[in-house]
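These notes are about the structure you will find just below.
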Amino acid sequence: MNASDHGFNPAFNMATIRQAINETIERVRIPTPTRLRDLIRQIRAARTAAEERAVVNRECAYIRSTFREEDSVWRCRNIAKLLYIHMLGYPAHFGQLECLKLTASPRFTDKRIGYLGAMLLLDERQDVHLLITNCLKNDLNSPTQFVVGLALCTLGAIASPEMARDLAGEVEKLMRSPNAYIRKKAALCAFRIIKRVPELMEIFLPATRSLLNEKNHGILIAGVTLITEMCEKSSDTLNHFKKIVPNLVRILKNLILAGYSPEHDVSGVSDPFLQVKILRLLRILGHNDPDASEAMNDILAQVATNTETSKNVGNTILYETVLSIMDIKSEGGLRVLAVNILGRFLLNSDKNIRYVALNTLLRTVHADISAVQRHRTTILECLKDPDVSIRRRAMELSFALINSQNIRAMSKELLVFLEKADPEFKAQCSSRMVHVAERYATSIRWRLDTLLSVLIAAGNYVRDDVVSSTIHLILNSPPEEQAYIGLRLWSSVHNVANSEEKQPLLQVAVWTIGEYGDLLLSSERIEEHQLVDIYQRLLWSTSVSTTTKQYALVSLAKLSTRIRTKEEETRVKQMIEAFGSHLNIDLQQRGVEFAQLFRDYSHLRPALLEKMPKIQKTLPNGTDAEGGGFDDQQPTIDLIEGGDDGDSSLMINTSGGIVGKMGSDSRALLDLLGGGDDPIDGLALTPTADVLISGSTTATTNGKSGVGGAPLPPTTGNNQDLLDLLGSLDMPASTPPAAVNSSLGASTPVLGGIGLDLNSLNDNSIKNGTGGPNLLANSSSFGGLDNLLNSNLSPTTMPTTMPAMLPGLGSPLGSGLGSLASPTSPTGLVSTNGTTGSLFSDFSAAVINNNDEHAKLLTALDKNGILVQLSAKHTGGALQILMTATNNSLTTLEQYLFQAAVPRSFSLQMLSPSGSTLPPGGTITQEMRVTSTAKATLRMRLRISYQSDGNPVQEQTEVSGFPEEPTE
C-alpha cells in the first residue's frame, strides 16, 4: 500500500496532513479489532451452539461499540465480519447505515464491502433503501469501470420500482459504453430491472439489438438473456425480435463449426452456455410461427447430429434442442430425430438423464405418438428401474402409449408392474387400467379378465371406481359371460389366502354370486352348500371389513331365491336372522329387515330379490352405450358412483324412478358460496347432476331435515354469505323454496320391473323413520329438477299390495324396493320396455364442443399449466356450456373438481365430469345448462381445485361475456 492510499501527499494542504496524522493516532489509540479469518477460526472452534452464540454476541457487542465512534478506520473490517455473522443466521440489521457510509467512501475496498453489505442487508421494505439511490447514481457515472460494475450489480440486486425508474436511463446509457465489461454488466442490470418493472422495457429496446453483433461471448449471453426476458413479458416485443432469427442462426452455426477455443471450450464443446441460451430463445421465437420455424429447422438438425453425446455438456445441448424442435412448427423428420434422441437418453446410465427423457416424452407424446411408440420396449423396461421417480414417469408414459393395437401387450406388462408395484402406485395404476380397458377392450371377456386381474393384483389399494366399474360391466354382460366371470370370481374367493388384503375382490365376488347364483349352480361345478359355506366363512370372519359384510348380507338374501333345497334356504335364513342382534347397527338393521322377507313377506321375496336389469351409460350426445369401447373423440360422462362414503345425503324418492346423489359435493360448493349449511336458498347451484333418491320419511340436506315433507327453515345468514361471495352481481330478492310433499298411494307412478339393488342398501340409505315414503322436490336447489322429472318419467301403476307392505319393512328396505340403481348405475330412468330416459336427455341431445362455429369460447383459467375453457351456445331456450380442462404441465393433476355459482335469476344444472385425473396433455369435460328466470346478465363464479404432486391447489375466478339469448 503506497502513501497516497492514506491520503498523504506533499502537495496536499495542511488540513489533509492533519487528517492523516489524526488517523494514525486513532490507530494507535484504538486496539486493533479481530480479523475476519480469526473470527472464523473462533466460531469453527466452538464445540456447542452455546459457545458459538457467546463468540458471536461478544463480537457483535464490540462491533456496535465501534460503530458509535465517528470516522472509525476499522469500519470496513467490522462490516466484513458482520456480513459473515449475517450469513450464519444471526441478526445484523444494525449495520445498514454503516454500509451506506462505506458506499460513499472514495476507496474501492470500502465501496466493495459497502455494496456487498447493501445487497445482503437491504431490501425495498427498508427506509434506508432509499438513501442509497443518489450514491448509486454517482457511481454509475464513475470513470473507474469496477466502481461502475459494483453499482450495476447492486442496482440489479436491490432495485425497487421507484429506484429502477430513476436509474433506468443511466443503465441504458451504459449499455452503449465502449467498455465491454460495463456493457455486459449493464445488460444484466437491465434484465433485472425489466423483471421487476416490465413497463421500462421500451427504454432498452434500441440498445438491446446491437448486443447481438458483439464478438464477446459474455455480452452475447447477457444480450440473449435480456431479449428472452423481453419476449416472455410482451407479445409485441416478441414480434419485434422475430427479425433477429437469422442472426441467432448465424451465431449458433459459428459456435458449432468453430475450432477449438480454450477460452470457451467445455469438455470439447464450444461455449455450451451460449448455445443453450440461443436454443431457448429460438424456441420462444419459433412457437406457432411457421416462417421463423422454417428458418431454424436446418440449424436445429445440425446441432442434433453434430453434438457430442459422451459428456453431460453435450446431453444438455441436445435436451434443449429437443425442446425447441417439439415446441416450434418443425418438420416431421426433425420431430422423429428429436424423439430418437430422447430414446437414446433412456439408455443412459445416469438416472437423471433417464428421468429427463421420460418427462420430455410424456410432454411430447401427443405431438408424435408414432415416433414414441418405437421406444415402447425401452419405456417398459423403465418400469423395473429402482428409482421411484423414474417408475412413476414410466407408468404414466406407458398408459399414454396404449391404443387399440397394443392394448393386450401393454396391459400384460402393466399388470406385472401392478402386482409388484409399491403401494403408492397401486391405486392410480388400477384406476387407469380400468379406464384403458374400457376404452380399448377387444372383447367383453378380455375386459372381464383384465378387471379381475386388477382386483387381485391391487388388493385393498383399489379405488371405489374400480369396484363400481367392474360391477357395471358384469351387469351389462351377456349371460354366458356372467356365468364365466362368476365361476372365475368363485374360484378366486374360494382360494384366497389373505382375505383381509383383497376386500374389493370379495365385494365384487359376493355381488356377482348373489345376482347370478343360478348361473353358477346350472354349470354343475358348484354345489349349493359350497356357496352357503363361503358366505358363512366371510360373514363370521373377523378379518372381513364391515362394508364387505354389507355386500355379503344383501347378496346372501338374493342368493336365497336362487337355491332350490329347503335345507340350504333354512341355513340362509338362520344366518340372516343371526345378524338381528349384531353389534354393528347397519348390519343389525339389514338382518332384521331381510328376516322379515322370510317370515311375513315370503310370498314377495322372489319378486323383490330378482336380478337387476341392465343399465346403460348415456353419452353426452344423447346416445346410449353399453359397456365396451367408446369413440375417442367424444367426451365421456362418468356415471359410476363411488362406494359408501359415509356422508349424509339429500334423500328423495320419486317412486323408485330416479336414483342419484347430492352429498359431500354440495357441501364443498357451499364452501365456495360462503360456507352455509343450507343449499336450497338463493342460488341455483349444483356441482354434479347426481341426486340420491330414497324413500325415507326424513329428508336430510347437509344435516338439516324436513319431516313429512315440511319445508326446511330458511337461513338468512347463509343468504348474506352468498351475496358477499357474488359481490357486484345483481341478484333480486327471492323467497326460499319449499319442499313439496307427495304421498305414495295405490296409483302412484312407478317404473316397471321390481328389483332390489345390492348396493342401494348402504350406510347412506339407512335412515331412521317408519312412515311411508315422501317426495321432496326443490325446484330452486335443483334448478327445476321437478320439471325435468315430470317430463322424463314413463309411469306405470304400482300394485296395491306394495304400499301396504312398505311401512312394515321400514324405510331403508322400502327405499330399495323398485330401485334399479347402485353405485354402478347412471342417473337415468329405466322403464318397462327397456328404454332409458336420461334425467338430462334434453340437455345431452344438444351437445356442444369447442369446434362449434356457433358457440362462444371463453377462457376461465390459464395458470400453472392448466387451461379451463367454457364453450357456450344457446339451444332450446337455455344456455348450453361445455367446460374443457386441459393439462399443459408435466405433472399429473388428481382430484380435479370444478364448481360453479350463478345469480338467483338463473338456474344451473351440471352433468358429471368425464373424470377426476388430468395426465399431462389430458382433458376433462363437463356439461352445464343455464336457464334464466328473469332478464339479467349472466356472470358465473368458478372454483377449480386439484392436487399437483400431492399439494392441494385451489383457484377461484369469475367469468362473464356469455352470449345473449337471441330475440324472436
Side-chain angles (χ1 to χ4, degrees), residues 411 414-438 447-477 482 485-516 534-535 537-539 541-556 558 586-587 612 627 638-646 757-764 822-825 894 916-917:
S411 60
L414 287 167
L415 283 172
V416 173
F417 168 75
L418 176 61
E419 188 174 356
K420 301 178 181 179
D422 298 336
E424 59 184 298
F425 292 108
K426 287 183 179 290
Q428 182 182 2
C429 186
S430 59
S431 292
R432 298 189 71 170
M433 281 295 299
V434 171
H435 173 71
V436 297
E438 178 183 6
R447 186 178 166 196
L448 287 170
D449 289 337
T450 301
L451 294 186
L452 178 58
S453 300
V454 169
L455 289 171
I456 294 174
N460 287 341
Y461 298 100
V462 169
R463 292 174 179 169
D464 291 339
D465 62 320
V466 177
V467 176
S468 301
S469 183
T470 307
I471 291 177
H472 185 274
L473 176 62
I474 296 173
L475 181 65
N476 288 336
S477 298
Q482 291 171 342
I485 194 62
L487 289 172
R488 289 211 57 189
L489 286 167
W490 156 261
S491 176
S492 300
V493 174
H494 189 68
N495 300 325
V496 66
N498 300 321
S499 58
E500 68 277 1
E501 297 179 1
K502 293 182 172 58
Q503 299 291 333
L505 174 64
L506 296 178
Q507 293 166 14
V508 174
V510 296
W511 184 92
T512 306
I513 294 171
E515 283 289 325
Y516 310 111
I534 283 291
Y535 279 92
R537 177 168 65 85
L538 294 177
L539 289 172
S541 173
T542 57
S543 62
V544 176
S545 66
T546 301
T547 303
T548 305
K549 289 184 179 181
Q550 292 169 357
Y551 273 86
L553 199 57
V554 180
S555 174
L556 184 61
K558 301 197 79 169
D586 179 86
L587 294 174
M612 289 179 62
D638 183 11
L639 297 177
I640 300 175
E641 190 72 45
D644 180 15
D645 56 7
D757 176 12
L758 295 181
N759 294 302
S760 64
L761 299 179
N762 55 23
D763 289 340
N764 286 342
S822 72
T824 66
S825 56
E894 298 181 336
S916 61
T917 301

Would the distance check show the side chain of [X] and the main-chain N or O of [Y] forming a donor-acceptor pair, the cut-off being under 3.5 Å?
| X | Y | result |
| --- | --- | --- |
| K426 | N460 | no |
| S431 | A427 | yes |
| E515 | L475 | no |
| Q503 | S545 | yes |

[atom1]/[X] to [atom2]/[Y] distance, rounded to the nearest 0.5 angstrom?
| X | Y | atom1 | atom2 | value |
| --- | --- | --- | --- | --- |
| L538 | L553 | CG | CG | 12.0 Å |
| H435 | T917 | NE2 | OG1 | 10.0 Å |
| K558 | W511 | NZ | CH2 | 7.5 Å |
| S555 | L539 | OG | CG | 9.5 Å |

Exercise. In terms of heavy-atom contacts, does OH of Y461 have more than 12 from other residues, nucleotides or ligands at under 6.0 Å?
Worked result: no
Problem set entry | Step-by-step side chain to side chain contact (heavy atoms under 4.5 Å, CB included) determination, L473 to S477 | CA-CA 6 Å; L473 176 62; S477 298; 4.2 Å; yes
For this session: Check the side chains of S541 and S543 for a donor-acceptor pair under 3.5 angstrom, ignoring hydrogens and angles.
Result: yes
Find out whether [X] and [Y] are in side-chain contact, i.e. whether some heavy atom of one side chain is under 4.5 Å from a heavy atom of the other.
| X | Y | result |
| --- | --- | --- |
| L505 | S492 | yes |
| H494 | I534 | yes |
| Q482 | T512 | no |

For this session: Please assess Q507 against T548 for the test side chain to side chain donor-acceptor pair (under 3.5 Å), listing each intermediate value before the final yes or no.
Result: CA-CA 5 Å; Q507 293 166 14; T548 305; 3.3 Å; yes
Problem set entry | side chain to side chain contact (heavy atoms under 4.5 Å, CB included) assessment of D465 paired with V434 | CA-CA 9 Å; D465 62 320; V434 171; 5.7 Å; no
Which side-chain N or O atoms in residues 415-424 pair as donor and acceptor under 3.5 Å with protein atoms at least two apart or in another chain?
unit_1 : atom_1 : unit_2 : atom_2 : d
D422   : OD2    : R391   : NH2    : 2.5
E424   : OE1    : R392   : NH2    : 2.9

For this session: Give me the one residue out of I513, I474, V510 that meets side-chain contact (heavy atoms from CB on, under 4.5 Å) with L489.
Result: I474
